[in-house]
Amino acid sequence: MTPEEIFDKLKEKFGEGKILRLTLPSQNGFDVCDPFIDVEPLAMTELADFLKHDKDLAFDQCCCISGVDLKDDLQVVYHLFSMSKLHKICIKATAKRDNPIVGTTAHTWGVANWLERETWDMFGIKFKDHPDHRRILLEEDWEGFPLRKDYKFPRFWRGMEVTPEEEEGTYGTQD
Amino acid sequence: MDNILVWTMISILVMVGLVSVVGIISIYLERKVSAFMQDRLGPMEVGFGSLANAIIGKKTFKEGRIGLAQSLADGLKLLQKEDIVPKGADVFLFKLAPMIVFGGTFAAFAALPLAEYFVPADINIGLFYILAISSFGVTGILMAGWASNNKWGLLGALRSTAQMVSYEIPIGVSLISIVMICGTLSLKEMVLAQSGWFWNWHLFGAISHNGAIGIVLLPVMFINFLIYFTCSLAETNRAPFDIPEAESELVAGYHTEYTGMRFAIFFLAEYGAIFVGNAIAVTLFLGGWNSGIPMLDEANIPGIAPLIFITKVFVLIFVVMWVRWTLPRLRVDQLMNLCWKYLIPFTLFTFFYVTIYKVFLT
Amino acid sequence: MEHKIETDFMIINMGPQHPSTHGVLRLELKTDGEIVMACRPFLGYLHRCFEKHCESLDYLKIIPFTDRMDYLASMNNNWAFCIAIEKLMGIKVSEKCEYLRVIVGELNRIASHIIAFGTFGLDIGAFTPFLLAFIQREKIFDLLEEASGARMLYNYIWVGGVARDVDGDWLKKTKKFCQEFKPALDEVDELLSLNKIFVERTANVGVVTKEMAISYGFTGPNLRGSGVNWDLRKNEPYSLYTKFDFNIPVGAGEQGQVGDCWDRYIIRIRECRESIKIIEQALEGISLEGDIYETVPKNFNKMPKGEVYARSETPRGEMGIYVVSEGGKAPVPYRVKVRSPAFCSLSILEEICKGVMISDVIAILGSVDIVLGEVDR
């Protein structure tokens with residue numbers, strides 16, 4: 001199926017409120033991109049279920065779940081692929097920065113469990129109804145979410161010096 | 001009276017020497033054999049010359065290229081290591097365990113018939129004694145695993161206990177066949193019964209006892225020998241039955257927490273146990289100190305009998321190493337399956353076969 | 001008086017210092033004697049903030065960092081990243097460079113698979129095949145060292161080209177290696193694959209069904225071990241893979257069920273043979289004419305605004321690189337996300353390590369073939 005067909009099908013099923021818009025390459029200010037669909041973050045759970053189990057869509061493989069810090073918002077990007085139908089789509093769920101909650105897809109794709117945990121770990125995006133909502137790469141008591149753009153590296157953690165004094169403030173600030 | 005005392009002292013000294021020498025040679029051999037199997041060179045830097053040079057600090061001696069002193073150097077290194085007793089360990093048991101393991105193996109050496117004129121402790125229940133005393137070591141292993149306050153150690157000790165207790169049975173039953181044929185438990189008499197040509201060895205049946213008809217025992221004796229050999233691998237925790245110390249699973253099993261000389265003692269005891277296990281195989285199945293050619297035995301060359309005995313044992317040890325570096329490791333349930341479902345029924349079969357032979361054919 | 005005997009579960013930490021966790025993975029095993037009731041993996045001991053580093057580094061400077069992810073297959077990592085950036089910038093790489101990439105990539109794939117099945121054998125207890133295979137790995141390293149200057153972390157494949165040119169002598173040596181490798185692989189194969197004990201230990205252990213494999217993000221040899229005929233080199237060809245004639249080995253459950261540890265193991269052995277085929281064809285096809293720096297961009301000042309997700313087949317499976325570029329003058333990526341195949345494969349551990357024995361956990365972990373550098377990044 002082409003991205004347009006997928007978009008139409010989703011729109012038909014979930015309505016305009018949940019399926020926001022489709023972006024094709026060189027549209028909406030993008031020079032290069034894979035076709036993606038913006039969706040309502042909390043609709044992600046039922047959307048994932050439909051995407052996987054619908055006969056025409058059959059997105060059985062969840063390639064990648066990435067978080068992106070858009071400065072004003074936080075975004076979760078799902079790259080999906082169908083091994084039987086050989087089509088792919090990218091789904092983007094944008095959540096508010098002050099309270100980012102996205103519906104979990106861990107019940108649909110097994111791998112989403114860990115990928116969502118990683119996103120929570122790095123971006124602090126909460127996944128509603130996630131079965132095992134813990135940090136994965138960092139320690140449970142680590143403060144802050146490192147991949148957010150406004151993250152400042154701590155100088156001490158559990159009494160250990162993790163950032164040398166002379167380098168304080170040099171990490172994580174690219175501007 | 002004095003004579004006996006002197007004789008005992010000499011025997012003890014010889015045996016202490018033998019245990020350490022056997023350990024050191026086996027460890028060296030293990031390295032070289034494994035290197036040979038794996039297209040490597042193995043130890044080749046530490047010869048006696050380089051060791052001596054290192055000790056005196058000058059380049060006086062010629063340095064060898066085959067690493068003969070590697071085990072010795074390792075021993076020296078282990079002596080200098082810190083002796084760590086883990087926190088929360090049962091200190092008394094922790095320190096006692098290596099002694100018990102080593103003691104069990106060492107005591108077993110006492111009854112080995114190296115030659116007709118040299119059996120340190122010639123007791124009339126020699127076989128029974130060796131089997132009993134060498135399985136004493138399992139107590140030490142259990143002790144070590146429990147006392148070191150380490151879960152991997154405990155798992156290793158439990159595995160080891162289960163394994164050794166199970167494999168005692170096929171060992172015992174397979175050896176009983178020989179006892180039935182010989183009608184004695186004395187190791188010396190068993191070897192004496194196999195003198196003469198090599199077909200007198202029990203591996204080839206009971207020809208020396210009953211003449212040509214003894215050949216009917218040939219197949220069961222081969223089976224018995226194979227079963228004994230397999231079980232002795234398991235008894236001494238060698239691959240493919242090395243699950244108690246499976247380094248990829250249990251880190252190092254029961255001796256995970258041991259360092260320095262205590263670890264070395266475990267190591268030495270392990271190789272000692274391998275020697276004892278194969279020495280029993282040689283004594284019972286392969287003619288002990290007999291060369292298999294009567295002319296050579298009658299020539300009375302001094303010292304040849306122990307040499308033949310030890311050579312035979314080392315040939316078997318080579319096979320043990322060969323097996324180790326070829327085969328993967330069994331899982332613990334498969335190990336038990338092998339013992340209870342295959343080895344024990346087979347030994348029972350051979351046992352009945354020999355019984356019937358003994359009752360009806362002789 | 002009646003005594004009630006209660007047994008308790010034992011919680012064992014396998015790792016981070018354990019010989020068989022292939023690095024610094026920690027598994028919290030809840031065991032009932034030898035039987036594992038639950039297994040919880042803990043990661044992050046090797047976390048080096050790769051993705052954070054990327055946000056402050058020039059595109060070209062990220063490539064050495066990708067080396068350090070899957071340090072057993074650095075070439076393929078370089079390659080995966082370069083594919084993504086080239087897709088973003090719309091660069092078409094010259095044929096000579098593509099040939100070189102295929103050759104070094106496949107050589108590195110063999111080296112990585114050697115570690116995979118070698119350490120798998122080691123986990124099962126077979127020491128010798130590991131060392132026999134290592135002799136061949138050394139030869140590969142010698143070749144790659146000659147081409148790139150490094151033995152493990154190459155930084156060889158650049159955006160738009162490769163770092164150094166090779167000469168005809170190197171091609172000859174590579175050809176000679178291909179000839180020598182085949183009998184050496186057969187030796188390991190004969191020694192290990194059909195060994196009765198090895199089969200007993202690995203067949204029917206850690207079975208991953210087709211559906212489970214896809215759902216849990218298995219890719220590469222693991223996915224093919226579960227009986228799915230899927231290889232990005234064939235199904236979504238990139239570089240020059242359409243030109244080569246090679247097969248995709250698929251697990252068929254020859255010794256047990258489809259998707260057991262033995263299947264995952266044998267796939268890797270067979271893939272080595274296929275890689276040799278590819279290398280031989282590439283050596284035939286390559287011509288030494290041409291400049292390798294022809295399409296290497298001079299600077300990254302004119303990046304388009306956009307994002308790409310590019311995936312390629314590394315020895316551990318599908319490595320996806322998701323790059324977001326702000327465009328304009330910013331020479332650094334806005335966001336880089338690596339979809340690491342080992343990370344995804346590892347997530348199944350919790351699921352399939354229920355009710356197996358401790359030894360089986362080791363076998364399963366070995367057969368999934370993880371590299372912690374890539375899992376933690």
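All chains are named by letter (A, B, ...) in the order of the sequence lines, taking the proteins before the strands, and each is independently numbered beginning at 1. The figures that follow rest on heavy atoms only: side chains count, while hydrogens, waters and symmetry mates do not. It should be emphasised that the depicted structure is a prediction, and the values quoted were computed from it without experimental measurement.
- Looking at C/Lys337 and A/Val68, their side chains never come closer than 4.5 Å, going by heavy atoms from C-beta outward.
- Not one N or O on the side chain of C/Arg339 forms a donor-acceptor pair closer than 3.5 Å with the backbone of A/Ser66.
- In this structure, the side chains of C/Lys52 and A/Met122 stay at 4.5 Å or more apart for every pair of heavy atoms.
- Only the side chain of A/Arg134 comes within less than 4.5 Å of a heavy atom of chain C; its backbone N, CA, C and O stay farther away.
- Within 6.0 Å of the NZ atom in C/Lys234, the count of heavy atoms belonging to other residues, nucleotides or ligands exceeds 12.
- Residue A/Ile136 holds its CD1 atom at 4.0 Å from CZ of C/Phe343, rounded to the nearest 0.5 Å.
- Side-chain contact check for A/Cys90 versus C/Tyr322: every heavy-atom pair is 4.5 Å or farther apart.
- In this structure, the portion of C/Leu223 lying under 4.5 Å from any heavy atom of chain A is its side chain and not its backbone.
- Looking at A/Ile65, only its backbone comes within 4.5 Å of chain C, counting heavy atoms on both sides.
- If you measure heavy-atom distances from C/Thr219 to chain A, the contacts under 4.5 Å come from the side chain alone.
- Within the 4.5 Å cutoff, the side chain of C/Leu346 has heavy atoms near those of the A/Trp114 side chain.
- Looking at A/Phe81, the atoms closer than 4.5 Å to chain C (heavy atoms on both sides) all sit in the side chain, from C-beta outward.
- Interface check for chain C: of the options A/Asn113, A/Leu138, A/Asp69, the most heavy-atom pairs under 4.5 Å are formed by A/Asp69.
- For A/Asp121, no part lies near chain C; criterion is any non-hydrogen pair under 4.5 Å.
- Considering CZ of C/Phe42 and CZ of A/Arg135, their distance stands at 14.5 Å, rounded to 0.5 Å.
- With a 4.5 angstrom heavy-atom cutoff, C/Glu351 does not touch chain A via any of its atoms.
- With contacts defined as side-chain heavy-atom distances shorter than 4.5 Å, the pair A/Asp34/C/Glu307 does not qualify.
- Panel note: side chain C/Ser347, backbone A/Val111; no donor-acceptor pair is recorded below 3.5 Å.
- Counting heavy-atom pairs under 4.5 Å between each of C/Gly90, C/Pro304, C/Gly320, C/Ser345 and chain A puts C/Pro304 at the top.
- Side-chain atoms of C/Lys210 and A/Met83, non-hydrogen and from C-beta on, never get closer than 4.5 Å to each other.
- With rounding to the nearest 0.5 Å, the separation of NZ in A/Lys149 from CZ in C/Arg335 is 8.5 Å.
- Contacts between A/Glu118 and chain C at a heavy-atom distance below 4.5 Å involve the side chain alone, from C-beta outward.
- Contacts of C/Val375 with chain A are made by backbone atoms alone, with heavy-atom separations under 4.5 Å and no side-chain atom involved.
- A distance of 11.0 Å separates CZ of C/Arg311 from SG of A/Cys64, quoted to the nearest 0.5 Å.
- Inter-residue side-chain proximity for A/Lys52 and C/Ser215 is flagged as met; some heavy-atom pair is nearer than 4.5 Å.
- In this structure, no portion of C/Glu211 lies under 4.5 Å from any heavy atom of chain A.
- The contact between A/Leu147 and chain C is made by backbone and side chain atoms together, counting heavy-atom distances below 4.5 Å.
- Counting heavy atoms from C-beta on, the side chains of C/Glu318 and A/Gln61 come closer than 4.5 Å.
- Other residues, nucleotides and ligands contribute more than 12 heavy atoms inside 6.0 Å of the CD atom of A/Glu140.
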